[in-house]
Amino acid sequence: MEEKEIRKERLKQLKDLGYSSHPYSYPSEETISSIVEKFREKQGEELEKFNVSTAGRILTIRRMGRATFLHISDGKEKLQIFMGENSLGKKKYSDFKLFNTGDWIGVKGSLFRTKTGELTILCEDFSFLAKSLLPLPEKWHGLQDVEVRFRKRYLDLLVNRRTREIFEKRAEIISKLREFFQRKGFIEVETPMMHPVLGGAAAKPFVTHHNSLDMDLYLRIAPELYLKRLVVGGMERVFEIGRNFRNEGISPFHNPEFTMLEFYWAYRDYNFLMGLTEEIFQEIAMKIWGKLEGEYQGKKINLSSPWKKLKFMDSISNASGIREESLWDEEFVIKKANELFPEEEVLPSTYSKSLDFLFDKFVRGELFQPTFVIDLPKVLSPLAKEHRQDGRLTERFELFIGGMELANAFSELTDPEEQKNRFEEQVKRKEEGAEVDLDYIEALKYGLPPTAGEGIGIDRTIMIFTDSPNIREVILFPLLRKK
RNA sequence: GAGCCGUUAGCUCAGUAGGUAGAGCACCGGCCUUUUAAGCCGGGAGUCGCAGGUUCAAUUCCUGUACGGCUCACCA
């Protein structure tokens with residue numbers, strides 16, 4: 001008989017013995033984690049007076065005749081169970097022979113420590129909770145196959161402890177961010193994910209359709225324009241944590257749906273945001289690393305203030321040797337970008353793409369320590385306010401850590417007339433995600449106060465703090481091809 | 001989307017310079033009441049990703065294809 005059939009057969013046998021095959025509930029009193037936590041330091045008689053009742057999945061079984069050891073898990077911690085014929089009785093002990101690894105079990109008993117000092121429940125009674133009809137992946141090597149890990153994340157979580165840790169840290173970081181912004185007097189909102197008009201970023205959208213309204217809708221590429229409408233409406237400090245959707249390629253740093261934090265703070269500018277950003281990341285670091293220094297992919301990252309600031313145009317000029325004044329020559333930049341990398345398959349065709357391209361080639365990879373790249377040109381920044389000292393630039397920064405762009409922020413453009421011109425300019429350049437959002441411009445006409453806004457890529461932030469080289473490691477169910 | 005690599009038992013992996021496959025874990029049976037990658041003895045388990053081609057013979061060679069990984073490109 002194959003293993004699957006054996007397990008099925010054993011479920012039937014348990015049923016015949018009077019066990020419910022799919023019980024409705026189990027009155028466990030504590031999780032395995034809480035027991036492990038509570039009795040970590042306790043020894044001997046102090047320990048043995050405690051009776052506990054818990055439940056979990058069986059990970060390993062070691063049978064030795066009339067005694068059996070198992071480890072059960074609540075997904076986070078493991079706890080050893082001892083089953084002896086003496087304490088359970090012959091019949092009950094023999095019933096346990098029908099259990100396999102992977103099965104769910106409820107356990108009651110007293111606590112003790114084994115010879116080697118491991119905390120263990122001396123089992124006095126157990127309940128059958130669910131059968132695993134399929135065998136678990138291997139206990140020693142875990143589940144290695146990347147594809148299976150992502151497609152069957154439940155198995156990955158079961159067997160690979162690190163996976164659980166990543167998603168616990170993810171939850172901690174997100175709740176830290178919520179707490180941070182609430183503490184600063186922000187209100188959390190949810191804006192539409194289905195947009196009739198595209199905007200807020202430069203990206204290809206997913207398109208969907210509403211039947212009864214007979215209307216095409218875009219899955220949002222950014223919540224930006226809605227959040228600023230809320231600032232117009234008097235929400236002076238507002239934030240949203242949510243999913244964005246971009247119909248672009250997939251890479252170690254890009255998943256088609258990803259989570260972003262966006263926030264807007266009225267009466268502030270981008271200079272203020274740089275300080276705030278340092279504060280945010282430092283609070284996360286203290287929570288996750290316990291200090292301001294951590295390691296990402298084998299290299300130290302130091303988040304102590306102040307972080308380096310690099311002017312966008314300077315950084316390209318310094319790294320590439322192209323004179324800064326030449327970088328303002330649109331034709332020259334396009335030509336140069338194409339000449340410098342003749343082996344590239346897809347070469348940039350527009351000025352803004354060429355600038356971005358040069359930045360990526362010469363600068364981005366070098367930005368391992370936290371760095372604000374500041375004062376990006378207007379052509380790259382249709383929603384940012386003109387720089388107060390240089391009309392060709394905007395008051396904008398992008399934050400890089402570990403060679404990844406983690407945040408993007410600016411002093412928001414508040415002038416409806418100029419916003420309209422910038423949108424139209426974009427449409428003329430046929431840029432991705434470019435549409436003139438007249439409704440947004442109307443909102444601006446009611447007056448957007450001076451406002452600073454920022455988006456922080458949550459998935460990439462999690463990558464840094466969990467030392468993950470690939471975005472899929474920090475997303476529970478990353479998009480994969482249909483099999 | 002392009003280039004390179006991978007896909008063998010439930011899992012982790014060997015292997016066959018072309019003669020239809022092995023190990024460890026898991027699983028089953030036996031012995032075993034402090035084990036913890038328990039141990040000892042015995043056993044079952046595979047359309048060698050899928051489809052074609054070459055060949056007396058293909059898991060192995062060739063072609064195509066699916067899925068995945070890495071690198072590059074668009075993008076946060």
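The side chain of A:K361 lies closest to B:A73, out of B:C27, B:G68, B:A73. The listed nucleotides are B:A45, B:U34, B:U71; the one nearest the side chain of A:E2 is B:A45. In the set B:G29, B:G10, B:C74, the nucleotide with an atom closest to the side chain of A:P135 is B:G10. Closest to the A:S251 side chain, of the nucleotides B:U12, B:A73, B:C27, is B:A73. Nearest nucleotide to the side chain of A:F112, out of B:C74, B:U34, B:C27: B:U34. Side-chain proximity of A:K115 to B:U35, B:U33, B:C28: nearest is B:U35. Which of B:U34, B:A37, B:C70 sits closest to the side chain of A:N470 comes down to B:C70.
In this structure, A:R151 reaches the sugar-phosphate backbone alone: every heavy-atom distance under 4.0 Å involves primed, P, OP1 or OP2 atoms, never a base. When heavy atoms are screened at a 4.0 angstrom cut-off, A:K482 is found touching the sugar-phosphate backbone but no base atom. If you check every strand for non-hydrogen atoms under 4.0 Å, A:L143 touches sugar and phosphate atoms only. Within the 4.0 angstrom heavy-atom criterion, no nucleotide atom of any strand lies near A:N244. Within the nucleic acid shown, A:T101 comes within 4.0 Å of sugar-phosphate atoms alone, with no base atom in reach, counting heavy atoms only. A:N255 comes within 4.0 angstrom of a base, heavy atoms only. Within 4.0 Å (heavy atoms only), A:G142 reaches sugar-phosphate atoms of the nucleic acid but no base atom. Among the heavy atoms of the strands, none lies under 4.0 Å from A:L155. A:E398 comes within 4.0 angstrom of no nucleic acid atom, judged by non-hydrogen atoms across all strands.
Between A:L59 atom CG and B:C27 atom P there is a gap of 12 Å when expressed in whole angstrom units. In this structure, A:I81 atom CD1 and B:U34 atom C1' are separated by 14 Å, rounded to whole Å. If you take CG of A:L47 and P of B:U34, they are 19 Å apart, rounded to a whole angstrom. Protein atom CG of A:L133 is 16 Å distant from nucleotide atom C1' of B:A26, rounded to whole Å. Here the P atom of nucleotide B:G68 and the CZ atom of A:R481 are 6 Å apart, to the nearest Å. Distance A:I58 CD1 to B:U35 P: 21 Å, rounded to the nearest Å. Atom CZ in A:F69 sits roughly 14 Å away from atom C1' in B:G39 (whole-Å rounding). The CD-P distance, from A:Q144 to B:G68, rounds to 19 Å in whole Å.
Looking only at distances, a side-chain donor or acceptor of A:R7 sits under 3.5 Å from a matching main-chain atom of A:S132. Put simply, the side chain of A:D459 never gets that close to the backbone of A:I471: no donor and acceptor are under 3.5 Å apart. Using modelled atom types, one side-chain atom of A:D269 and one backbone atom of A:F272 make a donor-acceptor pair closer than 3.5 Å. No donor-acceptor distance shorter than 3.5 angstrom exists from the side chain of A:S73 to the backbone of A:K78, with no hydrogens or angles considered. One N or O on the side chain of A:R422 and one on the backbone of A:S381 form a donor-acceptor pair closer than 3.5 Å. Remark: the backbone N or O of A:I316 is paired with a side-chain donor or acceptor of A:S320 at under 3.5 angstrom. A:Y270 places no side-chain N or O within donor-acceptor distance of the main-chain N or O of A:E412, the cut-off being under 3.5 Å. Of the possible polar contacts, one joining the A:Y93 side chain to the A:A67 backbone as a donor-acceptor pair under 3.5 Å is found.
Proximity of residues 61-68 of chain A to RNA chain B (heavy atom under 4.0 angstrom from any strand atom) is restricted to A:R62, A:R63, A:M64, A:G65, A:R66, A:A67.
For B:U7, its base never sits under 3.5 Å from the side chain of A:E147 at any donor and acceptor pair. The base of B:G24 lies close enough to the side chain of A:E138 for a donor and an acceptor atom to sit less than 3.5 Å apart. Contact of A:D145 with B:U12 (side chain to base): no donor-acceptor pair of N or O atoms is detected under 3.5 Å.
Remark: A:T120 is not in phosphate contact with B:U34, judged by side-chain N or O atoms under 4.0 Å from OP1 or OP2. Under 4.0 angstrom from either OP1 or OP2 of B:C74 there lies no side-chain N or O belonging to A:N247.
Secondary structure note: stems in RNA chain B built from 3 or more consecutive Watson-Crick or G-U wobble pairs under 3.5 Å occupy B:1-7 with B:66-72, B:10-13 with B:22-25, B:27-31 with B:39-43, B:49-53 with B:61-65.
Comparing the C1' positions of B:C67 and B:G22 gives an interatomic distance of 26 Å, to the nearest angstrom.
Remark: aromatic rings of A:F359 and A:F400 are close, center separation under 6.0 Å.
Comparing A:I250 and A:H141 by the nucleotide of RNA chain B that holds the closest heavy atom to each, the one mapping nearer the 5' end is A:H141. Both A:S87 and A:R246 lie near RNA chain B, and the one whose nearest nucleotide falls closer to the 5' end is A:S87.
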TODO: Evaluate the salt bridge (Lys or Arg N to Asp or Glu O under 4.0 Å) criterion for residues A:R481 and A:E147: first the C-alpha distance (whole Å), next the side-chain angles of each, then the deciding distance (0.1 Å), finally the verdict.
DONE: CA-CA 10 Å; A:R481 259 193 189 82; A:E147 185 178 353; over 6 Å; no

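A salt bridge does not link A:K92 with A:D95: every distance from a Lys NZ or Arg NE/NH1/NH2 to an Asp or Glu carboxylate oxygen is 4.0 Å or more. Here A:E165 pairs with A:R161 in a salt bridge; the nearest charged N to carboxylate O distance falls below 4.0 Å.
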